[in-house]
Amino acid sequence: MSKPRFFVPNRINGEVIQYLQQYGNVGYRDKEEKISEEEFLEGLSRANALLCYSRQKINGRILEQAPLLKVVSNIAVGYDNLDLGELTKRGVLATNTPGILTETTADLTFSILMAAARRVAEADQYVKSGQWQEWFPSLMLGKDVFGATIGIIGMGRIGEAVARRAKGFNMEILYYNRSRKKDIEQKLGARYVSLKHLLQKSDYVVVLVPLTEETKEIIGAKEFALMKKDAILVNVSRGATIDETALIHALQENRIAGAALDVYEKEPVDPENQLLKMTNVVTLPHIGSATKETRGKMAMKAARNAVAAIIGEPPENLLNKEVLQKAK
Ligand code: DGY
């Protein structure tokens with residue numbers, strides 16, 4: 001029988017390639033920039049396993065060109081780039097990398113919250129551009145974080161890790177989630193509230209839900225109207241959880257005080273996007289899990305998931321268990 005073939009269309013930790021080579025042949029493209037669709041489809045047509053980042057969309061049209069594919073291993077916790085229905089229909093396993101990026105993403109969430117509150121990026125720019133000619137008492141006045149109220153929308157692993165950080169800052173913690181998390185309430189003193197209550201009371205509204213049909217534009221014009229005028233919105237989940245046009249209007253009309261964003265409706269964000277022109281908006285290029293250590297661990301976890309699928313074991317982070325049930 002011929003050896004299985006893994007396809008890795010983008011640069012990844014070298015150890016991962018060595019690990020995969022123990023189990024089969026590896027089609028590796030050692031480049032950072034996104035692969036062209038033509039080259040991607042060519043590689044995929046011969047692959048049994050794909051390891052990809054969340055910018056790679058996998059839908060029915062793509063899968064048509066992948067007759068040998070057994071597993072798509074996403075190097076991300078979010079998997080809105082994968083059409084799970086189409087994968088399952090074709091008997092292709094899908095996996096992700098939850099857990100290991102939790103603390104790293106919570107660190108980033110808290111850092112952009114603080115950056116927006118204390119105008120860190122704006123102040124840095126002010127100094128570097130030579131505008132700082134004189135110190136005066138109202139220079140770069142920000143907003144307190146310690147003791148303020150944080151509203152976390154989505155109390156999953158990352159939500160809980162953000163709540164732990166918030167507790168260290170003596171914050172009142174409100175949360176809204178599909179289900180109540182009594183253990184977190186006990187441990188961290190978080191309060192389960194309605195979305196409306198959370199929006200009305202929070203100084204910092206932090207969106208941490210995965211993107212699904214249910215959470216698409218969970219925050220829109222109606223929700224911005226409920227928020228405090230001096231509130232700051234933080235989004236480290238997926239851009240489409242927020243109605244970006246409504247966010248721009250809310251900021252332009254001073255209905256909220258600012259935003260801290262790691263994700264956008266369209267990525268990379270359009271250079272003409274109004275959000276990039278606002279000094280009260282902190283903008284990062286989708287780097288929630290981007291530390292050397294965490295990205296290395298995510299890549300290895302993705303590789304282990306792919307190998308398990310190829311050698312016929314259930315992958316640890318399987319997203320569509322139905323495929324294995326059907327095969328029994
Ligand atoms: C994730 O893991 O989902 C990060 O957002 C990277 O895409």
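Both ligands and their constituent atoms are indexed starting at 1 by order of listing. Throughout, residue positions are numbered sequentially from 1 according to the sequence presented.
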Check your understanding: Backbone or side chain, does any N or O of R238 fall under 3.5 Å from an N or O of ligand 1?
Key -> yes

Study note, to complete from the structure: Per-atom filter on ligand 1: closer than 4.0 angstrom to a heavy atom of L101 are 2 (O)

Review point. What protein heavy atom is closest to atom 2 (O) of ligand 1, reported as residue, atom name and distance in Å?
Key: V77 N, 2.7 Å

Practice item. Number the atoms of ligand 1 from 1 as they appear, then name those within less than 4.0 Å of a heavy atom of S54, with their elements. Key: 7 (O)

Check your understanding: Is the shortest side-chain N to carboxylate O distance from R61 to E37 below 4.0 Å?
Key -> yes

Study note, to complete from the structure: Per-atom filter on ligand 1: closer than 4.0 angstrom to a heavy atom of A76 are 1 (C), 2 (O), 3 (O), 7 (O)

**Study point:** Partner of Y175 by side-chain hydrogen bond (donor to acceptor under 3.5 Å, both in side chains), out of E185, R180, E160
**Key:** E185

**Study point:** Check ion pair K266-E244 (N to O, under 4.0 angstrom)
**Key:** no

Revision key, fill the gap. So OH of Y264 and CG of L247: to nearest 0.5 Å the spacing works out to 10.5 Å

Point to revise | K57, NZ: over 12 other non-hydrogen atoms inside 6.0 angstrom | key: yes

Study note, to complete from the structure: Which of I310, I311, V71 passes side chain to side chain contact (heavy atoms under 4.5 Å, CB included) with P4? Answer is I310

**Study point:** Residue portion contacting ligand 1 (non-hydrogen atoms closer than 4.0 Å) for V263
**Key:** neither

Review point. Touching ligand 1 at all, H286? Heavy atoms, strictly under 4.0 Å?
Key: yes

